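Letters A, B, ... are given to chains in the order of the sequence lines, protein chains preceding strands, and every chain is numbered from 1. On a predicted model such as this, the values are computed, not experimentally measured, just so you know.
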Amino acid sequence: RKEVEQDPGPFNVPEGATVAFNCTYSNSASQSFFWYRQDCRKEPKLLMSVYSSGNEDGRFTAQLNRASQYISLLIRDSKLSDSATYLCAVSLAGGYQKVTFGTGTKLQVIP
Amino acid sequence: SQTIHQWPATLVQPVGSPLSLECTVEGTSNPNLYWYRQAAGRGLQLLFYSVGIGQISSEVPQNLSASRPQDRQFILSSKKLLLSDSGFYLCAWTGGASYGYTFGSGTRLTVV
């Protein structure tokens, strides 16, 4: 089983729609969780950290379910500019903070 | 503010040639530094990480090596490139477990 798994998509959604991605992780000792956004042929950029109580940043909401070992990202009122690949990332507690990434979920927002 | 620089942006190298990619971080001291590779259509694979000058840990045995000659400089090298070394190489740094990574702009390497 992969350490971090995501549905590769693509998710094709119309502008204004709400879309949600899930990401499962295998190591129950994982401590830190993140969502990254990666545009085509660019470096990943941190979108948001995921906190135990869930957190929101504008149209983006991230949640963590430790019991089922998954994190989710909800995007409301999708914009064309949201089209990208979304990577989830998980790290164990540790001195060097190794982060394991999922392979990403591709989102295409359609006019 | 902290910035991370990575060069070159694009590189085409013949099989068997050497490689040297450089990454530098500004605006912070004693960062944890990482080299990742992303092959076409694949996920990010951690290659090396460093918690300090001269301290290198390898995650995947292969014909690549890394060095950290200065606190904010991280170098990825190879003596002889293979076709399978093609990919998007990304340097990253972090200041702590809860902050996530900041990536450099990456080097797209094609071995021909």
Side-chain angles (χ1 to χ4, degrees), chain A residues 1-10 23-27 29-53 55 57 60 62 64 71 73 84-106, chain B residues 1-7 9-10 21 23 25 28 30-52 55-60 66 68 74 86-110:
Chain A
R1 182 183 175 187
K2 289 183 181 179
E3 291 184 64
V4 181
E5 290 197 76
Q6 294 182 254
D7 180 343
C23 167
T24 59
Y25 60 94
S26 60
N27 193 330
S30 299
Q31 294 293 322
S32 299
F33 308 89
F34 310 92
W35 283 102
Y36 286 78
R37 171 194 169 125
Q38 186 173 24
D39 293 298
C40 187
R41 300 181 70 80
K42 298 288 188 180
E43 75 275 20
K45 292 186 177 177
L46 182 65
L47 181 64
M48 58 198 303
S49 300
V50 186
Y51 302 122
S52 297
S53 56
N55 47 298
D57 183 1
F60 298 83
L64 168 64
I71 61 173
L73 178 68
T85 296
Y86 291 83
L87 307 174
C88 67
V90 174
S91 74
L92 298 170
Y96 70 93
Q97 298 110 35
K98 173 188 171 182
V99 175
T100 301
F101 289 83
T103 53
T105 297
K106 187 170 183 178
Chain B
S1 63
Q2 301 89 359
T3 55
I4 180 168
H5 303 280
Q6 195 180 337
W7 65 92
T10 306
L21 303 180
C23 169
V25 180
T28 187
N30 198 31
N32 288 349
L33 297 173
Y34 308 82
W35 278 110
Y36 278 83
R37 178 172 61 199
Q38 189 175 38
R42 310 243 345 238
L44 287 159
Q45 179 187 34
L46 178 63
L47 302 175
F48 300 96
Y49 66 91
S50 173
V51 298
Q55 300 178 62
I56 308 294
S57 295
S58 173
E59 285 288 307
V60 182
R68 186 168 176 176
F74 204 21
S86 294
F88 191 35
Y89 287 82
L90 291 153
C91 180
W93 80 276
T94 184
S98 62
Y99 301 123
Y101 287 172
T102 299
F103 286 92
S105 54
T107 296
R108 197 161 297 277
L109 172 67
T110 304

Is the CD atom of A/E3 crowded by more than 12 outside heavy atoms at less than 6.0 Å?
-> no

Heavy-atom distance under 4.5 Å to chain A: side chain of B/F103, backbone, both or neither?
-> both

Locate the shortest heavy-atom distance separating B/L44 from A/P44; write the atom from each residue and the value.
-> CD1-CG, 4.0 Å

Smallest heavy-atom separation, A/K42 atom then B/R108 atom, equals N-NH2, 4.4 Å

Does B/Y101 offer a backbone N or O that forms a donor-acceptor pair with the side chain of A/Y36 under 3.5 Å?
-> yes

At a heavy-atom separation under 4.5 Å, does B/Q6 approach chain A through its side chain, its backbone, both, or neither?
-> neither

Side chain / backbone / both / neither for A/Q6 at chain B, heavy atoms under 4.5 Å | neither

Hey, does A/V99 have a side-chain heavy atom less than 4.5 Å from the side chain of B/Y36?
-> yes

When rounded to the nearest 0.5 Å, the distance separating OG1 of A/T103 from CD of B/Q45 is 13.5 Å

Between B/F88 and A/Q38, what is the shortest heavy-atom contact and its length?
-> CE2-NE2, 4.2 Å

